[in-house]
Amino acid sequence: MPDTSMSPSAFKHWRKHLGLSQKEAAEALGLKRRVVQYYEKGERDGDPVAIPRTVRLACWALLNGINDYAGALDGATPRAKKADKADKVRKEAKPAKGGKADKPACAPAVVVLPALAVDPQPLPPSPGV
């Protein structure tokens with residue numbers, strides 16, 4: 001599996017590209033400002049600090065204009081609608097004498113997010129910079 005870690009310089013580049021101060025980045029990510037400083041420095045008290053996957057995914061989301069999770073959008077995918085319908089049918093169906101209810105017709109929909117680049121390409125300067 002490829003290394004998908006985010007370097008301290010990539011983290012700082014992400015913050016600056018969005019035009020965020022360390023405090024604003026911390027608030028957007030739900031972190032303390034000091035933790036943002038650790039991530040940008042790559043260490044805390046001389047020990048290396050890795051940027052967790054949850055933070056990397058949050059950085060990706062914020063970079064793409066997603067500020068919060070709004071939940072599934074009313075069966076957003078056809079597969080989700082079929083799964084909802086199958087669940088409804090199963091709930092209404094009665095098992096045969098001594099029998100068991102059928103297993104789900106399909107697995108729930110899964111959202112796959114792209115991996116973050118290890119070292120992103122330089123981004124164009126932000127407007128007004």
Side-chain angles (χ1 to χ4, degrees):
M1 179 162 262
D3 180 20
T4 57
S5 62
M6 185 179 206
S7 69
S9 61
F11 182 81
K12 187 172 185 176
H13 179 79
W14 164 83
R15 177 180 65 80
K16 289 190 173 255
H17 175 72
L18 290 180
L20 301 174
S21 66
Q22 287 181 335
K23 181 181 178 185
E24 292 166 334
E27 289 171 359
L29 294 169
L31 303 170
K32 302 271 186 196
R33 184 178 62 86
R34 189 71 186 135
V35 174
V36 168
Q37 292 173 336
Y38 295 147
Y39 291 160
E40 288 187 2
K41 189 175 180 185
E43 64 177 56
R44 176 183 179 195
D45 300 329
D47 294 325
V49 173
I51 300 168
R53 182 177 188 195
T54 53
V55 173
R56 297 190 317 260
L57 288 169
C59 289
W60 177 85
L62 291 168
L63 185 64
N64 287 284
I66 301 168
N67 294 320
D68 204 345
Y69 177 71
L73 302 175
D74 192 25
T77 65
R79 185 175 202 170
K81 288 180 184 178
K82 285 182 183 178
D84 289 344
K85 186 175 181 179
D87 286 342
K88 184 177 179 182
V89 169
R90 269 192 306 284
K91 286 178 185 175
E92 293 172 356
K94 295 180 182 176
K97 287 185 180 181
K100 295 181 180 178
D102 292 335
K103 292 183 179 181
C106 63
V110 176
V111 177
V112 178
L113 299 174
L116 288 171
V118 175
D119 287 317
Q121 297 296 319
L123 300 172
S126 300
V129 175

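Quick note: residue numbers are just sequence positions, from 1.
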*Sorted by first residue and then second, give each ring-ring contact (aromatic ring centres under 6.0 Å, His included) pair with at least one member in residues 26-48; sequence neighbours left out.*
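Listed once each, the pairs are Phe11-Tyr39.
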*asked:* Looking at every heavy atom in both Pro8 and Gly42, which two are closest together, and how far apart are they?
replied: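 Looking at all heavy atoms of both residues, the closest pair is CG-CA, 3.5 Å.
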*Of the non-hydrogen atoms in Ala25 and Val36, which two are nearest, and what is the gap between them?*
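Of all heavy-atom pairs spanning Ala25 and Val36, the closest is C-CG2, 4.4 Å.
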_Residues forming a side chain to side chain donor-acceptor pair (under 3.5 Å) with Arg53, sequence neighbours excluded_ =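 Residues passing side chain to side chain donor-acceptor pair (under 3.5 Å) with Arg53: none at all.
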*side chain to side chain donor-acceptor pair (under 3.5 Å) partners of Gln37, counting only residues at least two apart*: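 Listed in chain order: Gln22, Arg34.
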*Ignoring hydrogens and geometry, is there a side-chain-to-backbone donor-acceptor pair from Arg56 to Ile51 under 3.5 Å?*
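Looks like yes, one N/O pair under 3.5 Å.
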_All side-chain contact (heavy atoms from CB on, under 4.5 Å) counterparts of Glu24, not counting sequence neighbours_ =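 So Glu24 forms a side-chain contact (heavy atoms from CB on, under 4.5 Å) with Leu20, Ser21.
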*Roughly how far, to the nearest 0.5 Å, is CG of Leu62 from CH2 of Trp14?*
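If we round to the nearest 0.5 Å, Trp14:CH2 and Leu62:CG are 5.5 Å apart.
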_Once rounded to the nearest 0.5 Å, what's the spacing between atom CG of Leu31 and atom OG1 of Thr54?_
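The CG atom of Leu31 sits 8.0 Å away from the OG1 atom of Thr54.
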_Residue of the set Lys12, Arg15, Lys16 for which side-chain hydrogen bond (donor to acceptor under 3.5 Å, both in side chains) holds with Glu40_ =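 The residue from Lys12, Arg15, Lys16 that satisfies side-chain hydrogen bond (donor to acceptor under 3.5 Å, both in side chains) with Glu40 turns out to be Arg15.
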*Heavy-atom check, side chain of Cys59 versus side chain of Met6, under 4.5 Å*: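 They are in side-chain contact.
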*Heavy-atom distance under 4.5 Å between the side chains of Val35 and Val49, does that happen here?*
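The answer is no, as the side chains (C-beta and beyond) never meet within the 4.5 Å cut-off.
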